[in-house]
Amino acid sequence: MRNIVIILLVFISFLGLKDVVEYDYRQYESPFIFLFALLLSLWKTLAIVGLWKLAGIPKRKGMRRMLRFAVGFLAGIYCLLCLVNWTSSVLYGFGITRRLITIFMQTTTTETIEYLPVLWSNIEIDPNVIILLLVLIGCFLAVNRLKHVAQPEEAATEPDTRYRGEKIRLLSVAALMTIVLGAWVTLTRPNGRINYLVAGRTTLAIADVIKFQQEAKQMYAEKKELQYKETIADADSIDNIVLMIGESIDTRHCSMYGYQLPTNKHTAAMKDSLLVFKDVISPYCGTNEVMTRMLTFMDDSPQTKAEAWASHPDIVSIMKAAGFSCYWLSNQQKLGNYMDCTTPIASNAQQEVWLTEYSSDNLIEQYDAELLPHLKKALADDSRKRFIVLHTMGAHPDFKCRYPRKQTKFTEKDYAWNNKIMGDKKAREVSAEYDNAVAYSDSVVAMAAKLALKSKGRTVLIYVSDHGQNVYDSEAGFGHHENHVNVPMLMFFNKQYSASNKAQLETLKSNLSKPITTANIIHSLLGLAGVSYKLYDERLDFSSGNYAPGVRYANEKPYM
């Protein structure tokens, strides 16, 4: 009976790690990850068994019962979490994450009971799981047999020292292997190490969701009614505007802006319907501050703080008031570590789609191309005029999580030309991952543009990254950097737009090389849409013949 319990505990422990193991294996393609997870499952089981034995030491019967009940209860909770993690990963592709915790919080008991039969019918048992169970049974039978080999039955009355010695040596080897492999996993994984502790990741996920829900309530409470609504008027100069916001794409790694590797070949092939703005900066090097400027009438001057976004009108509310059907399609989290004004502003749209709702967990992989079916659906609705925002993950770290492995284009061998990183293998690997993310993002932008330009009516798609990214360019390492605010900005247009807006298109072409800050992009969106509004300023609109770029700010300093 004891062996059966141990086998089940190891098996269930491994199920609790299955999503993490599969994710890590996709990223690192090393069989040692599976071995480490199996050893970790064994040691978690031994910890439970050890606690059970310790609980039986007290001489008082009542104390023993109480302690063993506590150990059994905690072990039961642990097993339940492991099974929930496995079930969710099989059904949805992710285990215990912020996303799953939020789903639980939003689901009633009645809904859960009604849905259980459906869940069970959808679970497909992985053959590898059955194989693992059989292997575990075989291992424990072999270990159990070791006792009879080391201590024959005819000598059973003698002390069991030989068997105990063999068992200690076996466990010592397993412990050493666990420590070595654990150190390897810890040192080679840039993040997510807590994911190997089911109880730990559950606790953190619950705490994060509660925190993010409180932040969301505060943000929604700060929203105000649209100011100067009565001044809005539509000149009916366009039918569809798509604003596509990228993430962490830097012009230093865009071939369209002179980079050595071909990271923009998909969009470059659309040159007949493409405008490339040459000198564009973001007002900050962080997403939160940038989004507050891009989506509202805040400016980029130092005296305006990110927290003041709620007192400024936002683009979605204005476009909706002007008669556009508004869509918010996002591959970023609705709540998460990088939460900003986008969540409450997006709620002003008639339709919202969040692919990674309530989560920024690295264990959930949703590639940006998965937004395209939602874009196609939005463009095919019955609305006469549409304003669509696509918010992508672009090249957000971890870079290798942003593109499918089969679409890898660059490897460390492609950087012999780069003297800065030629002697650093790690730097070349990270650079390749980043450039692959940029190239994949470029392909998604091109596919989105083709979908948009095929739609009926006058259509433009504007693509711009929120901010840049240092990847062994300005200094060693990678991440946000105050000097990395140069971002790509592209505009795609169809024949219907170019035929009916010839003057505006010529003005846009004449402004391609002029300095632009994305802090003022809201003015240009209204200019392209033909929407007038009290706070609109044609001097800040790069589609206007009166465009007069003034001082641009980056990270609250004048940009030179």
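The CG atom of Leu295 sits 9.0 Å away from atom CG of Leu525, with the distance rounded to the nearest 0.5 Å. Between the CZ atom of Phe492 and the NZ atom of Lys450 there is a distance of 9.5 Å, given to the nearest 0.5 Å.
Although no hydrogens or angles enter the test, the distance criterion places a donor-acceptor pair under 3.5 Å between the side chain of Asn511 and the main chain of Phe542. Between the side chain of Ser441 and the main chain of Ala437, no donor-acceptor pair closer than 3.5 Å is present. Remark: the backbone N or O of Trp354 is not paired with any side-chain donor or acceptor of Ser330 at under 3.5 angstrom.
Residues Glu247 and Thr287 meet the side-chain proximity criterion, which asks for heavy atoms closer than 4.5 Å. Here the side chains of Pro313 and Tyr533 are in contact, with some heavy-atom distance below 4.5 Å. Considering only heavy atoms from C-beta on, Phe493 stays 4.5 Å or farther from Thr459 through its side chain. Side-chain atoms of Ile245 and Thr392, non-hydrogen and from C-beta on, never get closer than 4.5 Å to each other. Inter-residue side-chain proximity for Tyr497 and Gln504 is flagged as met; some heavy-atom pair is nearer than 4.5 Å. With contacts defined as side-chain heavy-atom distances shorter than 4.5 Å, the pair Val485/Asn555 qualifies. Taking the side chain as every heavy atom from C-beta outward, Leu512 and Leu508 never approach each other to under 4.5 Å. Within the 4.5 Å cutoff, side-chain heavy atoms of Tyr547 are placed close to those of Ile516.
A distance below 6.0 Å separates the ring centres of Phe478 and Phe399. For an aromatic pair to be called close, the ring centres must be under 6.0 Å apart, and Phe297 with His312 fails this.
Nearest heavy-atom pair across His374 and Glu370 is CD2-O, 3.3 Å. Considering all non-hydrogen atoms of both residues, Ile249 and Cys254 come closest at CG2-SG, 3.8 Å. The nearest pair of heavy atoms linking Pro549 to Pro515 is CB-O, 3.4 Å. Here the closest non-hydrogen pair linking Arg458 and Ser500 is CD-OG, 3.1 Å. The two residues Thr251 and Pro488 have their closest heavy-atom pair at CG2-N, 3.4 Å. Pairing each heavy atom of Thr507 with each of Gly545, the nearest pair is CG2-N, 3.5 Å.
Around atom NZ of Lys514, more than 12 heavy atoms belonging to other residues, nucleotides or ligands sit under 6.0 Å away. Counting heavy atoms of neighbouring residues, nucleotides and ligands inside a 6.0 Å radius, atom NZ of Lys376 does not exceed 12 of them.
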- request: Could you check Asp541 against Leu526 for side chain to side chain contact (heavy atoms under 4.5 Å, CB included), going step by step and ending with a plain yes or no?
  value: CA-CA 8 Å; Asp541 172 11; Leu526 294 180; over 6 Å; no
- request: Report the C-alpha distance between Val531 and Phe324 in whole Å, list the side-chain angles of each, state the deciding distance to 0.1 Å, and finish with yes or no for side chain to side chain contact (heavy atoms under 4.5 Å, CB included).
  value: CA-CA 10 Å; Val531 173; Phe324 285 76; 4.0 Å; yes
field: Step-by-step side-chain hydrogen bond (donor to acceptor under 3.5 Å, both in side chains) determination, Glu538 to Asn546
entry: CA-CA 6 Å; Glu538 65 178 2; Asn546 293 321; 2.8 Å; yes
task: Give the intermediate values and the outcome of side chain to side chain contact (heavy atoms under 4.5 Å, CB included) for residues His523 and Arg539.
output: CA-CA 9 Å; His523 297 273; Arg539 293 170 301 176; over 6 Å; no
Test log, rule salt bridge (Lys or Arg N to Asp or Glu O under 4.0 Å), inputs Asp368 and Arg402: CA-CA 8 Å; Asp368 287 335; Arg402 305 300 165 222; over 6 Å; no
Test salt bridge (Lys or Arg N to Asp or Glu O under 4.0 Å) applied to Asp279 and Arg552, step by step: CA-CA 11 Å; Asp279 183 9; Arg552 294 184 295 177; 3.3 Å; yes
- request: Go through the steps to decide whether Asn436 and Thr408 satisfy the test side-chain hydrogen bond (donor to acceptor under 3.5 Å, both in side chains), and finish with yes or no.
  value: CA-CA 6 Å; Asn436 281 318; Thr408 298; 4.7 Å; no
- request: Tell me, with the steps shown, if Met256 and Leu490 meet side chain to side chain contact (heavy atoms under 4.5 Å, CB included).
  value: CA-CA 10 Å; Met256 196 173 288; Leu490 315 175; 3.4 Å; yes
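Asp442 and Thr267 share a side-chain donor-acceptor pair at under 3.5 Å. Counted by atom type alone, Tyr284 and Glu556 present one or more donor-acceptor pairs between their side chains at under 3.5 Å. Checking Asp250 against Gln469 by side-chain atom types alone, no donor-acceptor pair falls below 3.5 Å. Of the N and O atoms on the side chains of Tyr403 and Glu433, not one donor lies less than 3.5 Å from an acceptor on the other residue. Side-chain contact of Asn520 with Thr517: a donor-acceptor pair under 3.5 Å is absent, judged by distance alone.
Evaluation of the ring-ring contact (aromatic ring centres under 6.0 Å, His included) test over residues 450-473, restricted to residues two or more places apart or in two chains, returns His467-His480.
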Let me check something: any side-chain donor-acceptor pairs from residues 268-278 under 3.5 Å, sequence neighbours excluded? List them with distances.
from	atom 1	to	atom 2	distance (Å)
Ser273	OG	Met270	O	3.4

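Applying side chain to side chain contact (heavy atoms under 4.5 Å, CB included) to Leu451 and the options Val242, Leu375, Leu461 leaves one that passes, Leu375.
Of the charged side-chain nitrogens involved, none lies within less than 4.0 Å of a carboxylate oxygen, so that Lys409 and Asp435 do not count as a salt-bridged pair. The existence of a salt bridge linking Arg384 and Asp236 is confirmed by a sub-4.0 Å separation between a basic side-chain nitrogen and an acidic carboxylate oxygen.
Relative ring orientation between Tyr259 and His253 is described as tilted, the plane-to-plane angle lying within the 30° to 60° band.
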